J.: 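Before I ask anything, here is the structure I am working with.
This one's a predicted model, so the numbers in the text were calculated from it and none came from an experiment.
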Amino acid sequence: MNKTKAALIALPIVAVIGLGAYYFVSRSQTAYMNALPSELKALARFDLQTFAEESELEISDFVDFVRHARTSEKAETGIDFSRPLYAFAAATGNFGMVAAIADDDDFTALCEELHAEGRASAIARQRGYSWVMLLDRWLCAFDDSQALVMGPVAGSAQDQLRVEMAHLLEQKKDHSGQTTVFFKLLEKKSGAAVAMVGPELFPPRPRLLFYKLGIGNHDDGLVFLQLSTRANELFLDAAIEPLLDEAKTELAELCDNLRPIQGELIGNAHSDNSCWLGLNIEGRHLLKLLRSHKSLRSALAAMNMALDIDNIISAIDGDVAIEFTPDFSPSPSNLVSFNFHGLNLTARLRDTSCFDGAASWGNSFVDVQSLGPLDYSLGLASERYYIGAAGNILYLGSQRGLTAEGNSLLQAQQGTIAGSRLYATFSMPQLVQLAVGLTTVPPALRKFERVTLSIDRDNAAHLRLSAPSGIHIAKELLKNE
């Protein structure tokens, strides 16, 4: 047999062997994903290698984070950080995570170390897997290629969860979470830390928005989330992913009510107010939105007894800006009461005809005085507020007229604000106190000084948490303090 014939015979054999090896290796690299449940409420993917590159970190930073949480100086964890980690919320109510194992001896050593520290049970062998209970609530099963953690679980429910986990570890790809819409949509998304979340996992109030859009469960639509960092800032982006045509239409109509901000009121922001919200809307849509909230609906009814607030709001047609600085007073219980100082609203009016009936404003509770053309003061108990118009710009709040002070923070972001459908920026410590009612800010949030929320032209929401300049926020958050 000459060399040419030998080569022709050998070439297909080498190709088959090469393809077989490629198939085996690629399959073994993704086999751990087969443990994802086929019925999900949420699925997240964490690619630590990509996250490290985007955040100017090293994989060793994550290893150090794990190491510093332990008493040992041993850096190896046995986890294959070159493969994505997947976290999920199962339809059964359990939460979990799957990870690829690079070295089961190192992972076993990690579990044994945690056991010695009292943070894990002793390792037990059952059903062909090693089992360990972490922190008395999270059950972990692993072998030489994969690890599955699920919980929280306690008592006799552990036995049922053990059976469920063994089934997940043994299932094939075609019966796993890789067949779900969660996984398929997630695979189309780039990013180091991304998630698809069903509406069932959201609190009641946000869930009302989904119902309005015709999204009752994850079969109707999902929410896409993406986490990233850059220098001193942490970003969380979100977008509703409707799966039904009707939901897509409802979402488009809802977002169309929030028109792109023109930015004309940024120059009227006060220099000392720490919280600012801007949008562009037609008054009738704003009034409908306010009336949908029970407490605001009651407030509007009370205000209408003293002045024609419905007519004033209906006259708005353009940019709207609300600014304030919360003033918090701590109590012995660590809860806070707060007042809004510098609370002011400015808005573009269609015209000023909403002031035509101002002569009849006021009642026994609200003292209305005319200070000049389209300029009025409102006396309520010991407080005094002002309402009027400068040109076609409405002002309502604790300060009379429009200011030309300007706010340097907003002016620096003017290019981002203009064109957004909504833009809100707050002092982080004050926002936490306002939202949680506590004077003590959680340690992780204490690293940030400002939070900004915006909705862009494509109807995607963007949350930005900003730490002081010069701080590498990803490294700060990985510190064990």
Side-chain angles (χ1 to χ4, degrees), residues 189 191 197 199 202 205-215 221-228 233-242 245-269 273 275-293 296 313-324 344-350 392-394 407 409-426 431 435 450-466:
K189 304 292 185 180
V197 183
F202 285 86
R205 282 189 179 177
R207 209 179 305 151
L208 289 175
L209 171 61
F210 298 124
Y211 288 141
K212 178 177 176 58
L213 296 174
I215 299 176
L222 301 172
V223 176
F224 170 65
L225 302 174
Q226 179 172 350
L227 180 70
S228 60
E233 295 182 316
L234 179 71
F235 302 90
L236 178 64
D237 301 323
I240 297 177
E241 299 262 351
D245 290 339
E246 295 86 346
K248 293 178 182 178
T249 302
E250 288 287 344
L251 177 61
E253 291 179 355
L254 178 65
C255 291
D256 282 346
N257 291 339
L258 291 177
R259 302 172 301 197
I261 297 170
Q262 300 302 304
E264 65 172 329
L265 302 179
I266 294 174
N268 298 121
N273 272 350
C275 304
W276 187 90
L277 181 148
L279 65 155
N280 185 300
I281 195 169
E282 192 176 346
R284 60 189 178 92
H285 295 310
L286 178 59
L287 187 60
K288 182 179 179 181
L289 181 65
L290 295 174
R291 285 175 173 170
S292 67
H293 194 288
L296 291 178
I313 294 175
S314 297
I316 291 174
D317 190 7
D319 279 6
V320 179
I322 301 172
E323 58 176 342
F324 60 91
N344 291 282
L345 178 147
T346 53
R348 162 67 64 177
L349 295 173
R350 186 183 309 105
N392 272 21
I393 303 298
L394 169 73
N407 184 297
L409 180 68
L410 295 176
Q411 290 170 341
Q413 294 294 320
Q414 184 158 359
T416 303
I417 297 172
S420 297
R421 293 184 185 273
L422 181 143
Y423 190 95
T425 180
F426 304 94
L431 178 64
R450 181 152 293 275
V451 55
T452 301
L453 172 67
S454 62
I455 298 177
D456 63 23
R457 289 178 181 267
D458 297 323
N459 306 328
H462 307 280
L463 182 69
R464 184 174 80 242
L465 305 181
S466 303

J.: Got a sec, which residues hit side-chain contact (heavy atoms from CB on, under 4.5 Å) with S228, two or more places apart in sequence or on another chain?
T.: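 With neighbours one apart ignored, the set is F235.
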J.: From S314 OG over to K288 NZ, what is the distance, rounded to the nearest 0.5 angstrom?
T.: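 Answer for the OG-NZ pair, S314 versus K288, is 13.0 Å.
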J.: With sequence neighbours left out, write down each residue that passes side-chain contact (heavy atoms from CB on, under 4.5 Å) with I281, or none if nothing qualifies.
T.: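 By the side-chain contact (heavy atoms from CB on, under 4.5 Å) rule, I281 matches L258, L279, H285, L286, V320.
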J.: Who pairs with R284 by side-chain hydrogen bond (donor to acceptor under 3.5 Å, both in side chains), at least two apart in sequence or on another chain?
T.: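 Counting only residues at least two positions away or on another chain, R284 forms a side-chain hydrogen bond (donor to acceptor under 3.5 Å, both in side chains) with E282.
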J.: Rounded to the nearest 0.5 Å, what separation is found between the CD atom of E233 and the OG atom of S466?
T.: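 Answer for the CD-OG pair, E233 versus S466, is 4.0 Å.
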J.: H462 and D456: side-chain contact (heavy atoms from CB on, under 4.5 Å), yes or no, with the steps?
T.: CA-CA 8 Å; H462 307 280; D456 63 23; 2.7 Å; yes
J.: I'd like to check the side-chain contact (heavy atoms from CB on, under 4.5 Å) partners of E241; sequence neighbours left out, ordered by chain and number.
T.: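 Residues passing side-chain contact (heavy atoms from CB on, under 4.5 Å) with E241: K189, M196, F224.
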J.: Does G263 offer a backbone N or O that forms a donor-acceptor pair with the side chain of D319 under 3.5 Å?
T.: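 Yes; at least one donor-acceptor contact below 3.5 Å.
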J.: Nearest heavy-atom pair of L345 and A347: which atoms, and what distance?
T.: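 Heavy atoms only, the tightest pair is CD2-CB, 4.2 Å.
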J.: What is the distance from atom CG of N268 to atom CG of L410, rounded to the nearest 0.5 Å?
T.: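 Reported to 0.5 Å precision, the distance equals 11.0 Å.
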J.: Run the numbers on E264 and I393 for side-chain contact (heavy atoms from CB on, under 4.5 Å), then give the verdict.
T.: CA-CA 10 Å; E264 65 172 329; I393 303 298; 4.2 Å; yes
J.: Measuring from I261:CD1 to I266:CD1, what's the distance to the nearest 0.5 Å?
T.: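 Interatomic distance, I261 CD1 to I266 CD1, rounded to 0.5 Å: 7.5 Å.
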J.: Just do the side-chain contact (heavy atoms from CB on, under 4.5 Å) check on I316 and L349 with the steps written out, would you?
T.: CA-CA 4 Å; I316 291 174; L349 295 173; 4.0 Å; yes
J.: Any side-chain to backbone donor/acceptor pair from R421 onto R457? Under 3.5 Å, distance only.
T.: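 Yes: the side chain of R421 pairs with the backbone of R457.
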J.: Indicate the atoms forming the closest heavy-atom contact of S420 with S454, along with that distance.
T.: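 Shortest heavy-atom separation between S420 and S454 comes out as OG-CB, 4.5 Å.
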J.: Using the side chain to side chain contact (heavy atoms under 4.5 Å, CB included) rule, pick out the option among N344, L409, T425, N407 that qualifies with W276.
T.: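 Among the candidates, only T425 passes.
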J.: For the residue pair A238 and L225, what are the closest heavy atoms and their distance?
T.: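 Scanning both residues completely, I find the closest heavy atoms to be CB-CD2, 3.5 Å.
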J.: Once salt bridge (Lys or Arg N to Asp or Glu O under 4.0 Å) is applied, do any residues pair with R259, and if so which ones, sequence neighbours excluded?
T.: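 Per chain and number, R259 pairs via salt bridge (Lys or Arg N to Asp or Glu O under 4.0 Å) with D317.
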J.: Measure the spacing between CG of L463 and CG of L234 and express it to the nearest 0.5 Å.
T.: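 One finds 8.0 Å between CG of L463 and CG of L234.
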J.: Please report the interatomic distance CD(E323) to CG(L265), rounded to the nearest 0.5 Å.
T.: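 Going from CD on E323 over to CG on L265, the span is 10.0 Å.
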J.: Within the 4.5 Å heavy-atom criterion, are T416 and Y423 side-chain neighbours or not?
T.: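 Sidechains of Y423 and T416: in contact.
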J.: Under the side-chain hydrogen bond (donor to acceptor under 3.5 Å, both in side chains) rule, collect the residues that match up with R350, sequence neighbours excluded.
T.: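 R350: no side-chain hydrogen bond (donor to acceptor under 3.5 Å, both in side chains) contacts found.
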J.: Please check: side-chain N/O of D458 versus main-chain N/O of A460, any donor-acceptor pairing under 3.5 Å?
T.: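 Looks like no, no N/O pair under 3.5 Å.
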